[in-house]
Amino acid sequence: MGALLEARAVAKHFGGVKALRDVSLSIREGEIYGLIGPNGAGKTTFFNCLTGLYVPDGGGFEFSGAPLQANAPHQAAERGIARTFQNIRLFANMTALENVMVGRHVRTRAGVLGAMLQTRATREEEAAIRQRAEALLHYVRIEDKADDLAKNLSYGDQRRLEIARALATEPRLLCLDEPAAGMNATETEELRELIEGIRKDGTTILLIEHDVKLVMGLCDRVAVLDYGALVIEDVPAVVQKDQRVIEAYLGA
Amino acid sequence: MKRWLNPRSALGITLITAALVALPFVVAMGGQAWVRIVNFAILYIFLALGLNIVVGFAGLLDLGYIAFYAVGAYTWALLASPHFGLHWPIWAILPIGAGLACVAGVLLGSPTLKLRGDYLAIVTLGFGEIVRIFMNNLNAPVNITNGPQGITLIDPVAFGAFKFSGNSQIFGFTISGPQKYYFLLVALAVIVVIINLRLQNSRIGRAWQAIREDEIAAKAVGINTRNIKLLAFAMGASFGGVAGGIFAAMQGFVSPESFSLIESVMILAMVVLGGMGHIPGVILGAVLLTFLPEVLRYGVGPLQMAVFGKMLVDPESLRMLVFGLALVLVMRFKPAGLWPSPERKRELTGGA
């Protein structure tokens with residue numbers, strides 16, 4: 001299978017801090033790809049460059065054969081890249097269902113005129129949005145929370161809702177930024193099942209995670225970042241035994 | 001749509017309609033001045049609902065909203081008055097006014113896209129003042145706006161030979177100018193309310209709300225925040241433009257004085273005091289803030305005479321004092337507004 005995402009020498013610095021130093025990696029269609037590294041290694045910066053929130057200072061991305069435009073988050077979503085955030089970013093005062101419905105924005109078209117006149121096309125689209133959103137809530141198993149405000153959901157449910165909202169954009173690549181952070185063993189196990197299910201349904205997954213056990217058990221391939229540079233990119237069994245990785249984590 | 005068909009809401013709608021029809025004739029018993037005040041209340045509902053799109057739905061604090069009202073008013077004034085000798089019909093002027101206000105909205109919106117909160121408020125405030133000062137000074141070298149003197153003898157709203165100024169006879173009834181405008185304004189207000197409701201529960205409405213809640217997350221799910229914000233400015237501004245046109249026609253006179261900062265502040269106060277983002281609340285806010293100063297104008301003088309037997313405080317200053325106090329009290333005890341949306345109420349009162 002070919003590469004879905006190709007990162008070519010992506011660089012980003014904040015003042016004198018080099019957050020990313022020419023990171024090149026490639027994610028294949030249909031795999032679960034782990035991105036790990038110590039705190040401050042540049043994982044989230046990489047995510048932000050990929051999803052258009054940051055403009056890289058060098059290099060770039062190619063997604064399914066065409067370059068990604070920098071600094072255009074909504075276009076990244078349109079191309080099929082969805083993400084969640086390390087510190088959950090839901091629309092706190094909207095219901096769970098509305099959060100997912102917002103996720104359908106990029107795949108729907110109704111404009112102001114359609115809404116004002118309530119044309120047939122608009123009404124049908126609106127019904128389809130709602131239906132799809134309900135189905136997605138069911139998919140992540142929080143359908144009974146549909147009418148709760150997002151901020152009133154439990155932590156684990158908020159994580160699930162964020163994933164449902166990302167899935168609503170019909171991504172080809174789903175980027176999860178530390179989805180297991182702050183979860184207990186049961187919740188992490190449930191999350192693992194959810195992620196595997198999403199992959200089985202045809203979405204490629206890029207996963208940032210601190211839980212090494214989860215990453216090694218779940219991912220097909222893993223990349224390790226340290227001080228903004230790529231240390232290794234390989235299957236978990238190899239990465240685990242790599243001397244540089246052990247040093248990066250334990251400190252040389 | 002189904003809710004409209006059940007008997008209880010049908011009865012409700014009938015009663016409201018009857019009340020709305022009777023209103024201008026009832027208040028006319030206190031003099032035509034009160035009909036005019038009612039008309040202004042509806043005009044302010046119009047403006048407050050327009051601003052509600054920008055502030056309430058999209059969460060963009062706009063302190064220069066009156067500028068769009070000014071654009072609409074001057075468009076009407078210039079295209080339907082002896083000033084340029086033009087007397088265009090309503091169906092031409094209102095869309096032009098709305099369109100120009102819309103352009104002004106986009107002009108204001110585009111440089112301020114990256115600003116939020118206080119910074120946006122300052123820029124919009126400046127914009128509002130710029131428009132007013134333009135109107136004030138565009139009388140030289142070419143006299144466009146007639147400067148501070150304003151434009152007089154503006155044509156009233158007219159459909160063919162039917163004019164909205166002066167008395168006319170309909171089915172043997174005498175109906176006054178302000179009463180005719182009342183019905184026009186109510187019709188327009190109903191349209192605006194429906195548009196607001198429909199926008200709120202639409203794909204665009206949700207996108208506005210998402211931007212208000214978390215702009216970065218909104219971008220990440222694929223909302224083109226630039227266009228959607230500009231759309232909010234443009235929509236809000238168009239409402240202001242239409243309201244301005246009707247205002248000019250109704251008054252027969254416009255001058256830059258009518259478009260001062262305090263007007264923007266008042267409209268914002270209506271939105272905030274009523275309940276930001278909640279349409280019934282905004283309507284309530286507009287009605288209250290229009291009537292309260294008028295009631296006080298007529299009420300505080302006699303009240304002082306009754307209580308103290310003489311005038312202790314100049315009624316005019318007492319009026320604004322009481323008005324200000326009322327605003328402070330409402331915001332102290334009802335921070336989400338008098339009639340907030342259920343969500344917003346939870347947001348401000350229910351922990352988390």
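Below, read A as the first sequence line, B as the second, and so on, with proteins coming before strands; counting in each chain starts at 1.
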What heavy-atom pair brings [X] and [Y] nearest, and what distance separates the two atoms?
X: Tyr139(A); Y: Asp201(A); answer: OH-OD2, 2.5 Å
X: Ala146(A); Y: Thr95(A); answer: O-CB, 3.5 Å
X: Asp148(A); Y: Leu153(A); answer: CB-CD2, 3.8 Å
X: Ala19(A); Y: Phe14(A); answer: CB-CE1, 3.7 Å
X: Gly30(A); Y: Thr204(A); answer: N-OG1, 2.8 Å

Can you tell if the side chain of [X] reaches within under 4.5 Å of the side chain of [Y], non-hydrogen atoms only?
X: Gln86(A); Y: Lys43(A); result: no
X: Met331(B); Y: Val272(B); result: yes
X: Val54(B); Y: Phe239(B); result: no
X: His210(A); Y: Asn39(A); result: yes
X: Ile90(B); Y: Trp76(B); result: yes
X: Val106(A); Y: Val221(B); result: no
X: Val106(B); Y: Phe233(B); result: no
X: Val112(A); Y: Leu199(B); result: yes

Original post:
Highest number of heavy-atom pairs under 4.5 Å with chain B: which of Arg107(A), Glu125(A), Arg109(A)?
Top reply: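 Ranked by heavy-atom pairs under 4.5 Å with chain B, first place is Arg109(A).
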
Subject >> Between Met101(A), His105(A), Arg104(A), Arg83(A), the one whose heavy-atom pairs under 4.5 Å with chain B are most numerous >> reply: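 When all of Met101(A), His105(A), Arg104(A), Arg83(A) are compared, His105(A) has the most.
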
Close approach to chain B in [range], criterion heavy atom under 4.5 Å:
range: residues 50-67 of chain A; value: Leu53(A)
range: residues 157-170 of chain A; value: Arg165(A), Thr169(A)
range: residues 72-82 of chain A; value: Pro73(A), His74(A), Ala77(A)
range: residues 126-138 of chain A; value: Glu126(A), Ile129(A)

Contact class of [X] relative to chain A, heavy atoms under 4.5 angstrom:
X: Asn201(B); result: backbone
X: Ile216(B); result: both
X: Ile211(B); result: neither

**OP:** Please state whether the rings of Phe57(B) and Trp208(B) are parallel, tilted or perpendicular, taking 30° and 60° as the class boundaries.
**Re:**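 If you compare the ring of Phe57(B) with that of Trp208(B), the planes turn out parallel.
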
What's the spacing between [X] [atom1] and [Y] [atom2] if we round to 0.5 Å?
X: Thr108(A); Y: Ile204(B); atom1: OG1; atom2: CD1; result: 8.5 Å
X: Ile66(B); Y: Leu268(B); atom1: CD1; atom2: CG; result: 11.5 Å
X: Leu197(B); Y: Leu49(B); atom1: CG; atom2: CG; result: 9.0 Å
X: Asp62(B); Y: Thr124(B); atom1: CG; atom2: OG1; result: 4.5 Å
X: Leu5(A); Y: Leu173(A); atom1: CG; atom2: CG; result: 6.0 Å

Only pairs of heavy atoms separated by less than 4.5 Å count here; which of [options] has the most with chain A?
options: Ile223(B), Ile195(B), Leu231(B), Asn196(B); answer: Ile223(B)
options: Asn224(B), Thr225(B), Ile191(B); answer: Asn224(B)
options: Met235(B), Arg206(B), Arg203(B), Lys219(B); answer: Arg203(B)

Subject >> Backbone N/O of Asn93(A) and side chain of Glu213(B): donor-acceptor pair under 3.5 Å >> reply: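 Yes, Glu213(B) side chain to Asn93(A) backbone: donor-acceptor pair under 3.5 Å.
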
